[in-house]
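These values consider heavy atoms only, across backbone and side chains, with no hydrogens, waters or symmetry-generated copies. Index from 1, following the sequence. In each ligand, atom 1 is the first atom listed, and ligand 1 is the first ligand listed.
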Amino acid sequence: MKVEVDEDTCIGCGLCVEICPDVFEMGKDMKSHTKVKKVPDKLKAKVKEAAQSCPVQAIKVSD
Ligand code: F3S
């Protein structure tokens, strides 16, 4: 599973970083960035939860 944050869409609410800090981090630009391109199996559920929780649907997951 891959994950990307659309930085133009992200409003920096920080929910994804709170839910899954192993994958998302807040940049100096106050946008979320991914630390990994490929999501480890054990973090898939958290990443999906983060994607669903993002208020502006800035997180894209794909297989
Ligand atoms: Fe941005 Fe959505 Fe995360 S607004 S900080 S990608 S929860």
Looking at side-chain heavy atoms only, is the closest gap between [X] and [Y] below 4.5 Å?
| X | Y | value |
| --- | --- | --- |
| C16 | C54 | no |
| K44 | M1 | yes |
| E4 | K37 | no |
| F24 | I19 | no |

Sequence neighbours left out, cut at 3.5 Å: what donor-acceptor pairs do the side chains of residues 56-63 make with other protein atoms?
| unit_1 | atom_1 | unit_2 | atom_2 | d |
| --- | --- | --- | --- | --- |
| K60 | NZ | Q57 | O | 2.9 |

(message) Rounded at 0.5 Å granularity, tell me how far CD1 in I11 sits from CE in M30.
(response)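 Result: 11.0 Å between the selected atoms.
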(message) Under 2.8 Å from atom 1 (Fe) of ligand 1, which protein N, O or S atoms do you find? Ignore water molecules.
(response)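 Sorted hits: C10 SG.
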